[in-house]
Amino acid sequence: MLMLVFGDRERTVEPRAELARLQVACERLERLEPGNRSHAALVAIFIDVAELSQGLVDAEFARAGTDRLTLRGCSGAEVLRALAGAVIRSGDSRVTPMDAARSAMRQLAAMPLPGAVACRRQEGFAFYAVYPEAYVAAARRLGECPGAVIGIRSIGIGLAAIVSAATAAPFMVSVRPIGPPFARRLALAPELQRRLAACTGQPVAVVDEGPGLSGSSFLAVGRALRSLGCPARRVHFFPSHGGLPGAAASDADRAAWQHAPRHVASFEDVVLPHLASWVADLTGPAVEPLEDMSAGEWRRHHPLGARLPAQPMWERRKYLLRSERGRFLLRFAGLGRYGEAVHRRARVLAEAGLSPPVLGLRYGFLVEEWIEDARMAGAGQERAGFLAHVAAYLAFRAQRLPATPDRGASLDELARMLVHNASEALEQPLPEAPWLSWARMLEPRVRRIETDGRLHRWEWLCTRDGRVLKCDGYDHCDGHDIVGCQDVAWDVTGAVHELDLTRSELLVVLERLGAHGVSVDLDLLRFLWPCYLAFQLGCIGRSDPGSRNGKWSDNALAQEHGRYTAQLKKIICAPCGRYSSEPTL
């Protein structure tokens with residue numbers, strides 16, 4: 001049984017107002033000088049239009065129960081194709097002709113539109129450094145024009161537009177796979193089946209990010225096309241990476257994936273060669289090749305080195321750049337408004353002197369100053385001052401980084417996650433009812449903020465001049481996990497578990513938070529105490545596939561897993577699923 005850790009987010013928009021906002025953004029874009037910054041602004045518009053198109057098509061899908069050919073869906077596809085063409089031309093020459101895209105948006109705005117639609121977050125653009133340029137390169141390697149391009153919603157609707165524009169394909173559509181997560185299928189209306197069947201004599205491109213744990217969305221489209229008469233050799237997959245589906249894929253599905261024609265252009269081949277030039281106005285020209293700091297490689301520069309646990313699947317891409325001006329950390333923050341949100345938080349924290357200085361954001365990458373000769377904070381005689389700094393940091397976030405209620409999991413969702421993950425960790429089913437009842441009683445008392453969510457001891461650094469800086473505190477509140485933005489009590493709980501606070505030290509932190517004008521609900525803190533442990537166990541379990549059969553390839557991760565499990569067993573009574581030893585606050 002896989003533990004619950006991932007979560008999806010969506011935003012509700014009014015389509016006509018969103019289109020008006022995007023038209024204004026297009027006008028502003030046309031006033032920018034051609035270059036990397038105007039290209040980044042164009043891609044931001046493209047991503048927002050892709051989200052809106054997904055929301056419009058999914059609203060129709062919800063009413064009909066099938067994917068259909070509709071005037072609104074086709075118009076949305078035309079807007080996306082026009083914008084995709086502009087993105088491709090801008091990528092080639094940094095010229096951004098917008099006439100066709102603005103005309104298509106006006107036509108879509110003239111149609112009857114729903115009052116509101118739900119737009120899903122596109123994880124590849126937000127977290128995994130999926131760039132349109134990679135799909136342009138992959139499409140140009142196809143060598144022939146496909147008869148149809150099929151995008152898998154959510155992110156696939158925009159990526160399909162890129163492949164369609166790059167190949168001049170005559171037909172583009174998006175689909176929403178349904179059914180169990182690891183056994184997806186399509187629900188196609190008869191007219192769409194006929195339209196796709198007419199394309200089966202030519203290659204058909206299927207576009208999405210992934211494959212994920214099972215690859216079932218890609219494979220569902222492949223099965224549907226074969227049922228319409230398309231030979232397997234003519235179904236071409238366009239994924240975001242060249243790897244196989246994950247552990248949830250069957251042997252048959254993994255074999256089908258391996259035999260399918262696949263077209264991938266990697267980040268390393270398409271994007272990485274240009275990254276140093278994108279940030280050169282902030283850092284100066286690089287004097288050495290960028291050093292990859294992703295997937296735990298950052299530990300080479302940390303005082304504790306390889307003794308620290310790494311969770312590569314949760315890490316964003318990051319690189320160390322050396323120039324004549326110094327060293328800088330380039331960290332993927334997200335394309336479009338995803339990256340802008342991370343940049344905003346980073347800038348607020350840096351300007352308050354709480355995190356490393358931030359130089360700016362360049363086409364998805366946040367540029368920070370590298371902290372030279374830093375050591376871990378909070379050891380020995382520095383402990384009292386360190387805890388005062390932790391309290392001041394949490395109070396600052398609580399006061400300066402508020403969040404709306406829809407940006408994080410409800411306590412009900414956290415309770416279900418706790419019961420699910422703790423049942424696996426404790427190897428005994430736990431009852432949901434008492435935790436759900438407690439969650440619903442406490443929910444009105446939650447005050448959501450943009451929590452840090454990553455208070456581990458190695459994230460706190462002390463500089464040569466004695467300043468304490470919190471690293472990696474910008475994006476976990478909007479990560480690809482179930483938690484999202486929570487009450488400050490979530491971060492207090494994290495501080496207890498990650499900084500090994502004693503009862504007296506916790507009371508000091510709570511007292512200092514109060515002195516800063518931030519009160520912590522103790523009942524909420526008690527509720528979140530085991531939720532935090534259950535979530536961390538889920539993250540670690542997903543980080544090391546060997547953990548599923550009791551073997552660990554990373555001793556540091558194994559130690560962390562044992563620590564969280566021991567704490568959870570200490571406070572949860574397995575037979576009744578309630579507290580056996582409630583935290584003494």
Side-chain angles (χ1 to χ4, degrees), residues 8-60 71-87 89-90 96-126 132 151 153-155 157-159 161-162 165 174 333-345 347 361 363-364 402-407 450 478:
D8 293 323
R9 295 281 180 272
E10 59 183 34
R11 62 190 180 107
T12 301
V13 303
E14 196 281 302
R16 207 170 300 283
E18 183 74 351
L19 284 167
R21 181 186 71 80
L22 291 167
Q23 289 274 17
V24 173
C26 289
E27 293 171 4
R28 287 200 301 268
L29 169 63
E30 290 179 314
R31 293 195 292 268
L32 293 177
E33 289 292 324
N36 190 57
R37 299 185 75 172
S38 66
H39 181 71
L42 170 60
V43 171
I45 294 170
F46 172 76
I47 291 172
D48 283 352
V49 171
E51 282 195 3
L52 176 60
S53 298
Q54 166 265 307
L56 289 169
V57 178
D58 271 340
E60 294 186 324
L71 182 60
R72 189 185 299 159
C74 293
S75 294
E78 284 306 308
V79 175
L80 275 176
R81 280 172 59 99
L83 275 171
V87 167
R89 290 191 294 275
S90 176
T96 55
M98 298 296 294
D99 290 347
R102 291 177 62 187
S103 174
M105 274 195 270
R106 284 193 293 270
Q107 291 177 20
L108 181 59
M111 294 181 178
L113 296 173
V117 295
C119 299
R120 295 193 181 187
R121 181 176 59 190
Q122 301 184 34
E123 285 87 4
F125 295 143
R153 298 194 298 274
S154 298
I155 192 173
I157 194 170
L159 296 176
I162 293 288
S174 68
L335 298 179
R337 54 189 180 77
Y338 303 123
E340 292 291 348
V342 174
H343 182 215
R344 171 184 57 81
R345 286 188 289 272
R347 194 173 61 248
L361 180 74
Y363 197 21
T404 55
D406 61 340
R407 289 182 55 199
E450 293 181 330
D478 279 329

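Along the sequence shown, the residues carry numbers beginning at 1.
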[X] side chain near [Y] side chain, heavy-atom distance below 4.5 Å:
X: Glu18; Y: Val117; answer: no
X: Arg153; Y: Ser174; answer: yes
X: Phe125; Y: Val43; answer: no
X: Asp406; Y: Thr12; answer: no
X: Leu108; Y: Leu56; answer: yes
X: Ser38; Y: Glu33; answer: no
X: His39; Y: Leu32; answer: no

Does CZ belonging to Arg37 count more than 12 external heavy atoms closer than 6.0 Å? no
Least distance between heavy atoms, [X] atom then [Y] atom:
X: Gly76; Y: Ser53; result: O-OG, 3.8 Å
X: Ala84; Y: Ala161; result: CB-O, 3.4 Å
X: Gly158; Y: Ala50; result: CA-CB, 4.0 Å
X: Ala44; Y: Gly336; result: CB-CA, 3.5 Å
X: Tyr363; Y: Ala40; result: CD1-CB, 3.7 Å
X: Pro15; Y: Gly115; result: CD-O, 3.7 Å

Looking at [atom1] of [X] and [atom2] of [Y], how far apart are the two atoms once the value is rounded to the nearest 0.5 Å?
X: Ile47; Y: Cys119; atom1: CD1; atom2: SG; answer: 13.0 Å
X: Arg9; Y: Glu123; atom1: CZ; atom2: CD; answer: 10.0 Å
X: Tyr338; Y: Arg121; atom1: OH; atom2: CZ; answer: 7.5 Å
X: Glu51; Y: Gln122; atom1: CD; atom2: CD; answer: 4.5 Å
X: Leu83; Y: Cys26; atom1: CG; atom2: SG; answer: 6.0 Å
X: Thr404; Y: Glu450; atom1: OG1; atom2: CD; answer: 8.5 Å

Side chain to side chain contact (heavy atoms under 4.5 Å, CB included) between Leu113 and Leu19, intermediate numbers included: CA-CA 11 Å; Leu113 296 173; Leu19 284 167; 3.9 Å; yes
Mind checking side-chain contact (heavy atoms from CB on, under 4.5 Å) for Arg81 and listing every partner two or more places apart, or none if nothing turns up? Glu78, Ser164, Met172
Looking only at atom types and distance, does a side-chain atom of [X] sit under 3.5 Å from a main-chain N or O of [Y], one as donor and one as acceptor?
X: Glu14; Y: Ala17; value: yes
X: Gln54; Y: Arg120; value: yes
X: Arg72; Y: Val57; value: no

For Arg337 and Glu340, what are the C-alpha separation, side-chain angles and deciding distance, and is it a salt bridge (Lys or Arg N to Asp or Glu O under 4.0 Å)? CA-CA 5 Å; Arg337 54 189 180 77; Glu340 292 291 348; over 6 Å; no
Just to verify, which of Leu159, Leu335, Leu42 counts as forming a side-chain contact (heavy atoms from CB on, under 4.5 Å) with Pro132? Leu335
